[in-house]
Amino acid sequence: MQPLAAESKELENKSPLIVNRALYRRHREMRLGVLEASKQFDNARKFRQQKEKAGLVMKRGAKPPIEIQDQHNRAMFEAAARRCGRAKRERNRTVSDVSGMLLAQTPE
């Protein structure tokens, strides 16, 4: 890149098309330079944050591992069961009279 003053002297006698092309190139180089510096800054910031944080970090939108989700669901269900008075194990259900009579009959 040439210094701006030297380039402006060269462009004085050029056509507007060539001047605009040169200005566009300079502006594009500047934009690309800013973009590259921004990427480097973000990468350095992420690297510093990774050194400070724990190894397992949940990100937004990411689903938790199945084991953690299952443990969480089980704990929530057990807490709800305690609150509503539901038994921890299944209870023996009574058999209806009709089914009991049918089962009790023995073929002769």
Side-chain angles (χ1 to χ4, degrees):
M1 275 167 75
Q2 296 178 351
L4 194 56
E7 187 175 327
S8 64
K9 287 182 181 179
E10 289 179 12
L11 294 177
E12 281 180 5
N13 299 329
K14 304 289 181 175
S15 70
L17 179 66
I18 294 174
V19 171
N20 284 343
R21 191 178 296 157
L23 287 175
Y24 175 80
R25 283 189 186 131
R26 296 274 296 190
H27 188 256
R28 184 171 184 269
E29 289 173 1
M30 182 188 68
R31 278 188 323 202
L32 292 176
V34 168
L35 183 65
E36 183 64 29
S38 171
K39 285 180 184 178
Q40 289 178 358
F41 179 77
D42 285 343
N43 289 338
R45 182 175 49 87
K46 286 178 186 176
F47 182 72
R48 282 193 308 270
Q49 285 178 346
Q50 286 177 352
K51 288 172 70 176
E52 295 172 3
K53 289 188 177 180
L56 178 64
V57 177
M58 294 295 294
K59 296 182 180 179
R60 273 185 227 163
K63 294 184 178 180
I66 294 173
E67 308 87 40
I68 294 174
Q69 192 173 8
D70 288 344
Q71 290 174 354
H72 176 71
N73 288 344
R74 194 175 318 119
M76 295 296 285
F77 180 77
E78 289 173 1
R82 279 193 303 265
R83 283 195 305 267
C84 72
R86 189 180 288 185
K88 291 183 183 176
R89 58 190 159 99
E90 287 189 30
R91 58 186 172 186
N92 294 330
R93 297 206 166 101
T94 57
V95 180
S96 69
D97 292 340
V98 176
S99 61
M101 287 188 292
L102 292 174
L103 291 175
Q105 292 179 355
T106 55
E108 294 179 11

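Taking CG of Leu32 as the start and NE2 of His27 as the end, the distance is 10.5 Å to the nearest 0.5 Å. Interatomic distance, CZ of Arg25 versus CG of Asn20, reported as 12.0 Å (0.5 Å rounding). Here the straight-line distance linking atom CG of Leu35 with atom CD of Gln40 works out to 10.5 Å at 0.5 Å rounding.
Listed by chain and residue number, nothing satisfies the side chain to side chain contact (heavy atoms under 4.5 Å, CB included) test with Ala37 (two or more places apart in sequence, or in another chain).
Applying the salt bridge (charged side-chain N to carboxylate O under 4.0 Å, His left out) definition to pairs two or more places apart or across chains, those involving residues 31-43 are Asp42-Arg45.
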